[in-house]
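Take a look at the structure below.
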Amino acid sequence: MDTRFFAAWLEECARVVHEQREYLTRLDAAIGDADHGNNLDRGFTGIRQALAENAPKTPGSLLALAGTTLVRKVGGASGPLYGSALRQMGKALGDAETVGLAELTGALETGLQTVRRLGGAEVGDKTMVDALAPACVALRRAVEEGVKPQEALSRAADAADKGAKDTVSMQARKGRASYLGPRSIGHQDPGATSTALILAALRDVAVSWAEPGAAGP
Amino acid sequence: MDTRFFAAWLEECARVVHEQREYLTRLDAAIGDADHGNNLDRGFTGIRQALAENAPKTPGSLLALAGTTLVRKVGGASGPLYGSALRQMGKALGDAETVGLAELTGALETGLQTVRRLGGAEVGDKTMVDALAPACVALRRAVEEGVKPQEALSRAADAADKGAKDTVSMQARKGRASYLGPRSIGHQDPGATSTALILAALRDVAVSWAEPGAAGP
Amino acid sequence: MKKLINDAESVVADALAGMAAAHPSLRVDVRNRIVLRASGPRPGKVAVVSGGGSGHEPLHAGYVGYGMLDAACPGEIFTSPVPDQMLEAGQRMHGGAGVLFVVKNYTGDVLNFEMAAEALAEEGIEVASVLVNDDVAVQDSVYTAGRRGTGATVLVEKITGALAETGAPLAEIALTGEEVNARSRSFGIALTPCVTPAAGEPTFELGPNEVELGIGIHGEPGRTRTALEPARELVRIAMDAINDDLPLSGDVLVMVNGMGGTPLIELYVVFAEVAAYLRRKGANVTRRLVGNYITSLDMQGFSVTVCRLDERLTLLWDAPVETPALRWGR
Amino acid sequence: MKKLINDAESVVADALAGMAAAHPSLRVDVRNRIVLRASGPRPGKVAVVSGGGSGHEPLHAGYVGYGMLDAACPGEIFTSPVPDQMLEAGQRMHGGAGVLFVVKNYTGDVLNFEMAAEALAEEGIEVASVLVNDDVAVQDSVYTAGRRGTGATVLVEKITGALAETGAPLAEIALTGEEVNARSRSFGIALTPCVTPAAGEPTFELGPNEVELGIGIHGEPGRTRTALEPARELVRIAMDAINDDLPLSGDVLVMVNGMGGTPLIELYVVFAEVAAYLRRKGANVTRRLVGNYITSLDMQGFSVTVCRLDERLTLLWDAPVETPALRWGR
Ligand SMILES: Nc1ncnc2c1ncn2[C@@H]1O[C@H](COP(=O)(O)OP(=O)(O)O)[C@@H](O)[C@H]1O
Ligand SMILES: Nc1ncnc2c1ncn2[C@@H]1O[C@H](COP(=O)(O)OP(=O)(O)O)[C@@H](O)[C@H]1O
Ligand SMILES: [Mg+2]
Ligand SMILES: [Mg+2]
Ligand SMILES: [Mg+2]
Ligand SMILES: [Mg+2]
């Protein structure tokens, strides 16, 4: 997976987040403050612009730029969390020009650690961690099983999606939704949902790049 | 008509105004500021209290006290207008212990003049004048024809009622409703309506006092 | 109806009790419905007294204090106060130099203040009145009760209050008040009607995409309604109405006023457009107010008031004022 | 959605343009979203900087000026600002004595301010932060993000700002800010939800006879809802929650704050009840604020903040302040 692949991923994220912006905001209205969709849309629009102005040469520098852009554009809780995670993922990838599944998995795990370190959320706290953590687990298992990248990323996306859906029954213990106590139960966490969208975008890009005729991941 | 008769009239006004308070306020909400019912209710409740504390000996002093009470309790446009009108009516009746229909008619005409002098409204301006003026005309004619008081007051009440209803088609040129310009058309004036209620109360008291067994007016 | 009240009947009294508890600089006579400076009358100073229906807070009681009003007379919600209130206020704050009434031009206010003025005059206290009628939404003609008094009331109270503080004579203060009024114009627009505690329901109906143009401050409907437009367009409508009546140039004071339910962030959006409009007209905004100064209960919307300043009025505007709702210089 | 705006996307920028036009004492950098004292940094003075999501006006930009903030960093509506804003504000207002961040305890605010603090420290600028977490509606436990910062923010900004003006060192100012926070508690109740320009519809639903208890300032739902009760009863609920957490006695400052859409007359009704409650508890209300100080767009409702004062804090509270939204003594 090369720089163009990761650029395509971020591009797809921007598209999906823009498309799902109102949905994410509606989820956030239920247990938060109705800005998550706009926050991420602003952030990924910023990434698009940043990449247009300045095209990094390696996957690592690309993700680092994307992370910095999120930090600079998003604000809220999700800005520093997603932004720092992407930044640390970028750092983890170093100067490599292409990245294998194992390296990507390691980077994503670094991203997860970053989110956990900054936000202090554990699995079950009804946050983006509940989508990101199972995705990392699924990916790690896929690497161990030696499956193809598109299959592995597909499992990660499914795990994230399931993780996001599982937040419905949880009571929030971090972030704004935690103020609601038991009333947060019954609603899907917006951040976990956007994480699932971002991992679905990763899968979709991997799948389309793996199609015959396309440049493989 | 003696002091007790006029006290009964004011008592009946208080009862009717209280009963119709929301109706009057609703009329005022349409073309004014939604306080006419409360204003008059506060005023006539005040009159009730004032008469309970201090029972004047003559019709004139009774109406003067009632007028003063309205001025002191009501506020708004209707307080000084109704209050001054009653006060001047009381003055017009002088020290007489009983009042005939002719004197009452003269007093009511004085009341009308007071309203016109203070408020500057003419017939057709969509104000209480549009109920009070025809009532005075009907009463004067009845006096000239020499009909019985209860019949005369009944005609006055009818004229006031018709006058109030006729305000529906008028465009207001005085008071708060005048700000609406043509949009004031189609609504009945609250002040004209309360005037009609007050004159209906006068008729009802006259009729019930004229009933066999009751002390005649 | 959702309101932070104990009882529709007791709102005015309860709010006055709150003012008494909140502002030790005021003497609040809840029973007689008057709000006075706690410091009492100052010998030789004209007492500036105003009043009007409640529901327009902070007007008028919030403007009682040094450099502005000596007393305010709050009526029931949207109901002019009764003469006894102004009489009592005048008697208690009279410092030997007469009493100035600042009266908004509504039939009820005019009549009740007139009766109070007569009663004060009968006691040998000199009285003058300034009638405020700045609202260009009302066509000035024999076919109405005349223009309403709205936003300019705040300006007249501030400037006459400042002048009174200098020991100026009653006639001069009254003239200055009239001058402020003559130099001021206002126009208001509502996004929503207001709900009086007594009526318990909106005073008029507005569709989800309608606004009411030319509203006054009594929750009464305005002259026309139109579709909800961007702030820039609503400001243009208001400012054109003002500018048609009093061409705007030179130094001006601008007040962008919320109707009670309008968030401050929106008033700043409006202010930006008003400032841009005036810049285009070549007028020079030298003094400004943004906030809730003369309201209509919970109504959402705004009014703009523009006053053409000169040097003297600017100095009086800048003079120290210390009231619950307007304060600077002390 | 009925709002006085040009466009949901441009609300924050347009309102900042309005602030710039309305307050010559401020330097408003609309592009970088920072609001600074026009007078620039004062050598030897700690710069007090705050910020947070927009929609809470006058917080924070309305508190920039002498005796309070040196700079404010407004985020998007209900969205914490980004680190670049605080970094830039700190750089521009730093007078050589360090920068104090006043941060409301929300995950987003905490994280973004932390990143800014790191960046400032990397430039060799000393930074300290005060975390405000006064909202007793949030149970202080490991099961939440911790108490929210609400009304006490205004008090912390005023008092740290006053102390900074005396030339006090950063550490002392930070400690004093923490002390104000430790002595303050708040509780909020909403009659209506608010509507963000982005969502265009209410952030939660409330029945015509329901109120939401324990709301924060982000339009998020509160902890429970109950039937609409008289103001006296709602105040009892709020004050009991505060008093259970910090027994109220001695001298206290009370702020009765409107949520943006609440008419002032209702806030005074509430204030009367709060004052009566405190009297019954034997506490002594020595300082008061009534009005819209930290809001949630167009929400109707109120919050109460109580701070147990001592002599030093009272003096700092009384010290002159000259900002668009809080002004006395100059
Ligand atoms: N401490 C935390 N750790 C991990 N994720 C968090 C934390 N706090 C909040 N989040 C995530 O951020 C999301 C909210 O993001 P957003 O709405 O953009 O920010 P804000 O809550 O500041 O308005 C939540 O749905 C949750 O998934
Ligand atoms: N200038 C006037 N002359 C005669 N009647 C008037 C005048 N102005 C108002 N009114 C009457 O007063 C009524 C309104 O009374 P009310 O609602 O109590 O006072 P306000 O208009 O001050 O709220 C109107 O319906 C009208 O009949
Ligand atoms: Mg959010
Ligand atoms: Mg009325
Ligand atoms: Mg009225
Ligand atoms: Mg947010």
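Quick note: numbers below take in every heavy atom, side chains included, and nothing from hydrogens, waters or symmetry partners.
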Within the supplied structure, the quantity of interest is the number of heavy atoms (other residues, nucleotides, ligands) at a distance under 6.0 Å from [X] [atom1]; does it exceed 12?
X: D:E229; atom1: CD; value: yes
X: A:K91; atom1: NZ; value: no
X: A:D95; atom1: CG; value: no
X: D:E123; atom1: CD; value: yes

For this session: Side-chain contact test, heavy atoms from C-beta onward, threshold under 4.5 Å: evaluate it for A:R42 versus D:T79 and give yes or no.
Result: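 Yes; the side chains approach each other to less than 4.5 Å.
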Problem set entry | Minimal non-hydrogen separation, D:A199 against A:A34, with atom names |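 Taking every non-hydrogen atom into account, CB-CB, 4.1 Å.
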Exercise. If you take all heavy atoms of D:P221 and A:G32, which pair is closest and at what distance?
Worked result: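 Closest heavy-atom pair between D:P221 and A:G32: CD-O, 4.2 Å.
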Pick from [options] with the largest number of heavy-atom pairs that fall under 4.5 Å of chain A:
options: D:T224, D:N112, D:T196; answer: D:N112
options: D:R148, D:E220, D:E114; answer: D:R148
options: D:P83, D:S296, D:G219; answer: D:P83

Problem set entry | Pairwise distance CE(D:M115) to CG(A:L118) - rounded to 0.5 angstrom |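 Rounded to the nearest 0.5 Å, the CE-CG separation comes out at 7.0 Å.
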For this session: Could you grab the distance from atom OG1 of D:T203 to atom CD1 of A:I31, nearest 0.5 Å is fine?
Result: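 Output value for this atom pair is 13.0 Å.
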For this session: Give me the contact list for residues 68-89 of chain A versus chain D, heavy atoms only, anything under 4.5 Å, ordered by residue number.
Result: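 The list, in residue order, reads A:V71, A:R72, A:K73, A:V74, A:G75, A:G76, A:A77, A:P80, A:L81, A:S84, A:R87.
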Problem set entry | Residues from residues 178-196 of chain A approaching chain D under 4.5 Å (heavy atoms) |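 Expected list: A:S178, A:Y179, A:L180, A:R183.
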Exercise. Side chain, backbone, both or neither: which part of A:A172 has a non-hydrogen atom closer than 4.5 Å to chain D?
Worked result: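 For A:A172, backbone heavy atoms alone lie under 4.5 Å from chain D.
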Exercise. Checking A:A30 against chain D: side chain, backbone, both or neither under 4.5 Å from a heavy atom?
Worked result: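 A:A30 touches chain D through backbone heavy atoms alone.
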Problem set entry | Proximity breakdown for D:E9 and chain A, heavy-atom pairs closer than 4.5 Å |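 The side chain, not the backbone.
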Exercise. Of the backbone (N, CA, C, O) and the side chain (C-beta and beyond), which part of D:F78 lies under 4.5 Å from a heavy atom of chain A, both, or neither?
Worked result: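 Answer is both: backbone and side chain atoms of D:F78 are under 4.5 Å from chain A.
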